[in-house]
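Because the structure is predicted, anything quoted here is derived from the model rather than measured. In listed order, ligands and their atoms are each counted from 1.
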Amino acid sequence: MTERVVVAGAVYDGGRLLAARRSAPAELAGRWELPGGKLEPGERPEDGLVRELREELGVETEVLARIPGSWPLKPGYVLQVWTVRLVSGEPRPLEDHDALRWLGPDETGAVDWLEQDRPAVAEAARLLREH
Ligand code: DCM
């Protein structure tokens with residue numbers, strides 16, 4: 001069986017990283033994540049990520065680079081993460097989220113991230129600090 005890919009974005013703007021609090025499903029609600037979602041069959045990861053961020057946050061984005069790694073989710077799914085630049089719009093929690101926060105590079109420990117997002121968040125914060 002081939003694994004389905006969940007794409008997520010480390011969205012940057014003004015030297016800060018965007019964190020999104022999930023509102024569903026119940027077992028994930030209240031935890032923070034890098035926003036994204038499931039790729040459609042045949043969809044390029046970069047295209048799927050731009051689509052998901054448009055649907056979930058109402059923003060236009062540009063995908064910059066892959067954060068190396070692939071993290072297991074529920075059986076049959078893996079998480080892959082890209083850095084993303086906000087191009088236009090102000091993110092709003094339109095779908096799947098009930099709060100958003102912009103975090104500076106030394107504030108990323110301030111929210112309760114989903115376990116599977118933590119390695120990518122650490123790398124995203126390191127990249128922000130290098131800037
Ligand atoms: N997911 C995750 N980390 C992310 C984004 C998503 O663990 N940064 C998980 C939560 C869901 C699945 O991927 O189990 C699909 O996400 P969604 O419901 O947002 O499509």
Enquirer: For a 4.5 angstrom cut-off between non-hydrogen side-chain atoms, does Val6 reach Trp71?
Expert: no

Enquirer: Starting from Leu114, walk the hydrophobic network (Ile, Leu, Val, Met, Phe, Trp, Tyr; side-chain heavy atoms closer than 4.5 Å) and list everyone else you reach, by chain and number.
Expert: Leu28

Enquirer: Pairs in or reaching into residues 41-50: which pass side chain to side chain donor-acceptor pair (under 3.5 Å), with residues at least two apart or in two chains?
Expert: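 Qualifying pairs: Glu43-Arg51, Arg44-Asp47.
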
Enquirer: Taking distance alone, no hydrogens or angles, what donor-acceptor pairs closer than 3.5 Å link side-chain atoms of residues 14-21 to residues at least two apart or in another chain?
Expert:
| from | atom 1 | to | atom 2 | distance (Å) |
| --- | --- | --- | --- | --- |
| Arg21 | NE | Asp98 | OD1 | 2.8 |
| Arg21 | NH2 | Asp98 | OD1 | 3.4 |

Enquirer: Are the side chains of Arg129 and Asp106 in contact, using a 4.5 Å heavy-atom criterion?
Expert: yes

Enquirer: Decide salt bridge (charged side-chain N to carboxylate O under 4.0 Å, His left out) for Glu107 and Arg101; before the verdict, give the C-alpha distance in whole Å, the side-chain angles of both, and the deciding distance to 0.1 Å.
Expert: CA-CA 10 Å; Glu107 294 174 329; Arg101 275 184 73 174; 5.6 Å; no

Enquirer: Please give the N or O to N or O pairs under 3.5 Å between ligand 1 and the protein, distances rounded to 0.1 Å.
Expert:
| from | atom 1 | to | atom 2 | distance (Å) |
| --- | --- | --- | --- | --- |
| ligand 1 | 3 (N) | Asp117 | OD1 | 2.8 |
| ligand 1 | 7 (O) | Gln116 | NE2 | 2.7 |
| ligand 1 | 8 (N) | Leu34 | O | 2.6 |
| ligand 1 | 8 (N) | Asp117 | OD1 | 3.4 |
| ligand 1 | 8 (N) | Asp117 | OD2 | 2.6 |
| ligand 1 | 18 (O) | Arg22 | NH2 | 3.1 |
| ligand 1 | 19 (O) | Arg22 | NH1 | 3.2 |

